[in-house]
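Here the structure is laid out as structure tokens; the discussion comes afterwards.
Hydrogens, waters and symmetry mates are skipped; everything else that's a heavy atom, side chains included, is used. Fair warning: this is a prediction, and the values are worked out from it, not measured in the lab. Note on naming: letters A, B, ... go to the chains in the order of the sequence lines (proteins, then strands), and numbering restarts at 1 for each one.
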There are 2 protein chains.
Amino acid sequence: MESPRIRRSSEFRQAEIVQAVLALAAESSPADITTARIAAAMNLTQGAVFRHFPTKEAIWLAVAEWIEENLLGAIEEASLSSSEPLAQLRAMFCAHIGFAAAYPGAPRLIFHELQQPGDSAVKRRIRALLASYRGTLLQVLKCAKDGRAAGRELDVEPAATLFIGAIQGLVMQSMLAGGMRGVEEAAEGVFGVYLSGIVGRRT
Amino acid sequence: MESPRIRRSSEFRQAEIVQAVLALAAESSPADITTARIAAAMNLTQGAVFRHFPTKEAIWLAVAEWIEENLLGAIEEASLSSSEPLAQLRAMFCAHIGFAAAYPGAPRLIFHELQQPGDSAVKRRIRALLASYRGTLLQVLKCAKDGRAAGRELDVEPAATLFIGAIQGLVMQSMLAGGMRGVEEAAEGVFGVYLSGIVGRRT
DNA sequence: TAAGCTAGTAATTAATTACTTACTATCGGG
DNA sequence: CCCGATAGTAAGTAATTAATTACTAGCTTA
């Protein structure tokens, strides 16, 4: 059962470590992801991890960068899938939920980093991620308002906060349920209520 | 500056420890709240903490019970403040946000416990708390629907999820902002959008 | 083939963790 | 006024943590 000591490039291992962290975060608190657990998940010794990252902080930073690229990428792509603002919103919502379902560790890592005191490089990166996210969100919401797809009295700032909160609520519910099963269906319902709040009162 | 060794009853210290944990959780991740930090916050030695709680887990449990009593108490009270379902919802929302603003550590502790794997006594308690919360929420939402205050086509389950998510979104935003300043005002706006989603399309 | 770089291991480091133990000071009641 | 109970301290414990060490093995290339 002993592994015959596979050698891989540092680049490969770096990517592997990031994925291992995401996988570990999916089923345990980011706070107790140790370098030993990461190594064990890759069939490596603990010391080997430090051949590819100088410090643990660097690992978290790499994970944050991965999330930034992939989540923002998916959101961007979704926002370009249609010209109708409300359809864009739905696509973005689905993309985000899909991402969270595929990588349940990601939202936890984000939340965990944000509640750390002070500001590390990781935290700054996460903040930038969320600011960018909120930016495109506000843009789409403003479009919807200008194009009369949303209510004239809609306040876009709280609407963006509620959008993000809706996703967090679903993530939390999935943590209660103990898994991501059925989240996509629940997301459908939640987005329906949200959308109703966006379009406002109509005839 | 040396403290003259104040003696307090164990009951008093237990309550003090719970408050210390809540205060510490307000400005750092629950994961790195150590018994040493708790003791330091109370001007006590680390060993003294274990005079009043047999284990650290017992401390978390006591904190969970405190949150359960106080948060659910505030919510319950708010739900009784009116006979109109929508006014009840607003009161519950404000009560929850007020609680989160007064004890910013509380939502973090809840979230942190939920993402722990397996099920501890603490986690079970938190789950019970949230189930109870959701129960009264669903009750009020159903009332609103039956009394035609909410849209006939409203699905109460996602509506409850979105309600909780709305609060989480505000908590997250406050973590980004680095404080609870201005949350109450932001809450106003978010609840407005949420409410619009609940009442649905009207003439 | 020999040299040099790289990715691996195993063992060890200092620091930190929850928790314990032995002892001491203080309080309240007979 | 003393005495038992209790709340405190100081100094430990074993376990775990990130990071470092000395050494080994494999790949490429001159």
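Between the C1' atom of C/dT20 and the CD atom of B/Q46 lies a distance of 10 Å, rounded to the nearest Å. Here C/dT20 presents its P atom at 14 Å from NZ of B/K56, a figure rounded to the nearest Å. Across the protein-nucleic acid pair, B/E16 atom CD and D/dA7 atom C1' stand 13 Å apart, rounded to whole Å. When rounded to the nearest whole Å, the span between CD1 of A/I59 and P of D/dA18 equals 9 Å. The CZ-P distance, from A/R8 to C/dG8, rounds to 9 Å in whole Å. Rounding to whole angstrom units, CZ of residue A/R51 and P of D/dG26 are separated by 16 Å. Separating the CD1 atom of B/I38 from the C1' atom of C/dC19 is a distance of 13 Å, rounded to the nearest angstrom. Distance, B/F53 CZ to C/dT20 P: 15 Å, rounded to whole Å.
Side-chain atoms of A/R7 and base atoms of C/dG8 include no donor and acceptor less than 3.5 Å apart.
Contact between the side-chain N/O atoms of A/T45 and the OP1/OP2 oxygens of C/dG8 is not found at any separation under 4.0 Å. At the phosphate of D/dT6, neither OP1 nor OP2 sits under 4.0 Å from any side-chain N or O atom of B/H52. Residue B/R13 places at least one side-chain N or O closer than 4.0 Å to OP1 or OP2 of D/dG8. OP1 or OP2 of C/dC19 sits under 4.0 Å from a side-chain N or O of B/T55.
A/Q46 and A/T35 are linked by a side-chain donor-acceptor pair at a separation below 3.5 angstrom, with hydrogens and angles left out of the test.
The aromatic rings of A/Y133 and A/F163 sit tilted relative to each other, their planes meeting at an angle between 30° and 60°.
At least one donor-acceptor pair under 3.5 Å links the side chain of A/Q14 to the backbone N or O of A/H52. B/R37 places a side-chain N or O within donor-acceptor distance of the main-chain N or O of B/D32, the cut-off being under 3.5 Å.
Electrostatic pairing of B/E27 and B/R108 does not count as a salt bridge here, judged by no charged N lying under 4.0 Å from a carboxylate O.
The side chain of A/F50 lies closest to D/dT20, out of D/dT20, C/dA18, D/dT9. In the set D/dA18, C/dA18, D/dA7, D/dA7 carries the atom at the smallest distance from any side-chain atom of B/S10.
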